[in-house]
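Below is one structure; the comments refer to it alone.
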Amino acid sequence: MKNIILILIALLLISGCGFKQPKITQKEKEFKSPIQNKTFFTDAFAKLDKLMKLFEAPRIRIQIKSIENRTSSTKLPFDIRNFLETPLILYISSFDLVAYEPTFREKEMVMTGQRSQGIEKFLPGLVINGAITQYDKGIYSTRKGLNTDVEAGKGQGSTTFMGELDNSVARSQIAIDLKVYKYYDRTYLFGIATQNKIELLKYSRDGNFGLFLNGTGLGLSKAITFEHTEDQALRILSEYSVLQLLGRLYALPYWKCTKPNLQIDNFVVEGELKEYTNFSIKKKINKLEIILSAYKMTSFKKDGNIDNQELKEIKEKFNVEDNEILSPEFYKTLFINAPFFN
């Protein structure tokens, strides 16, 4: 009886410290049939395409070069260009994505025996270039554990209970740089670049228990590990980076394409404001009409003119005076707060 009480005390000590035995959920046990791979940014690309249409973005031929692994790690993929291309092909209809095939002409000559004609018509206007620039594996790790050892009696009647619980978290980082240059002269576009990184986490929990009665041992060992893979992290990171890159390229409020919204990009806001300031009155009205269309005003008509009824509704809705309607400050407020996807 005394031995049983000691064992119960040991178990209470373990549970009292906030540790639980590792559990594998039913979802983790199930094997599911293949489904469409819907990532965190799938809907964001479809919304970005709507913004490009709304803001009348010019149609451009864009090409993506190889996005290679420039780190010393061989664990990462050599080229993640497909991670960038696939969502653009699936969801962005407002520009033409030109395939990157540097040996296309040579292959065509080998196959047909003659030089391909008209290939120059499909050269891109802009090229997205970049690389995986950083992979820091296991930069930070923590480990917490509990060990207990209870022994009752001596000799033939001895009973021993041994328990061990460990929880650990390891962190790694991957970074990608992307930028855009003009195909015809290889000059990079100022400010149209991204530097983003993602953190990978690895959680693990181990439990070992042993009970020795009169020299006979009964043991239990259980462990569970959850880890973000490098490929999964790279897909998320590359999709976010190309979403940001296109938002900067076309000066669009891309941060509104996700739920919750991303952080406001001041580079886009300041660039848009600077351009708006230099517009003629006619062009300013055109830009205002694009933004105001998102507010679903009852009197709104996209006709290049702000009539008296529209002016009255704008003043009441936004609490502004006549002389503020075309001001850069008012346009900035509309641009940042427009409910494009509500």
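Here, residue 1 is the first one in the sequence, and each next residue gets the next number.
- For Leu334 against Leu292, the heavy-atom pair with the smallest separation is CD1-CD2, 4.0 Å.
- Classification of Lys302 and Glu289 as a salt-bridged pair fails, no side-chain N sitting under 4.0 Å from a carboxylate O.
- Between Glu68 and Arg70, at least one side-chain nitrogen of the basic residue sits less than 4.0 Å from a carboxylate oxygen of the acidic one, meeting the salt-bridge criterion.
- Note that CD1 of Ile325 and CD1 of Ile306 are 6.5 Å apart. Values are rounded to the nearest 0.5 Å.
- Geometric assessment of Lys50 against the ring of Phe340 yields a negative cation-pi assignment under the 6.0 Å and 45° thresholds.
- By the rule that hydrophobic residues join a cluster once side-chain heavy atoms approach within less than 4.5 Å of another member, Leu288 and Val320 end up as members of one cluster.
- One hydrophobic cluster, built from ILVMFWY side chains closer than 4.5 Å, holds both Phe190 and Leu245.
- When only modelled atom types and interatomic distance are considered, Glu85 and Tyr100 share no side-chain donor-acceptor pair under 3.5 Å.
- For the residue pair Asp265 / Gln263, no side-chain donor-acceptor distance below 3.5 Å is found, with atom types taken as modelled.
- Here Lys53 pairs with Asp49 in a salt bridge; the nearest charged N to carboxylate O distance falls below 4.0 Å.
- Across every non-hydrogen atom of Arg81 and Ile64, the tightest pair is CD-O, 2.9 Å.
- Tyr91 and Asp43 form no side-chain donor-acceptor contact under 3.5 Å, judged by distance and modelled atom types alone.
- Atoms CG and CG, on Leu126 and Leu189 in that order, are 5.5 Å from each other to the nearest 0.5 Å.
- Taking CG from Leu178 and CD1 from Ile192, the interatomic distance works out to 12.5 Å, rounded to the nearest 0.5 Å.
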Under the criterion side-chain contact (heavy atoms from CB on, under 4.5 Å), I'd like the reasoning laid out for Tyr250 against Leu48: C-alpha separation, chi angles, the key distance, then a yes or no. CA-CA 10 Å; Tyr250 287 98; Leu48 184 70; over 6 Å; no
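- Aromatic rings from Tyr295 and Phe318 are positioned such that their centres are separated by under 6.0 Å.
- Ionic pairing of Lys75 and Glu230 is present here: one or more N-O contacts between side-chain nitrogen and carboxylate oxygen are shorter than 4.0 angstrom.
- Nearest heavy atoms, Leu234 versus Pro77: CD1-CD, 3.4 Å.
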Residue pair Met52, Ser93: steps toward the side-chain contact (heavy atoms from CB on, under 4.5 Å) verdict: CA-CA 9 Å; Met52 292 174 73; Ser93 62; over 6 Å; no
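- In this structure a side-chain-to-backbone donor-acceptor pair under 3.5 Å is missing from Tyr184 to Gly125.
- Of all heavy-atom pairs between Gly191 and Arg248, the closest is O-NH1, 3.1 Å.
- Atom OG1 of residue Thr258 and atom CZ of residue Phe41 lie 6.5 Å apart, to the nearest 0.5 angstrom.
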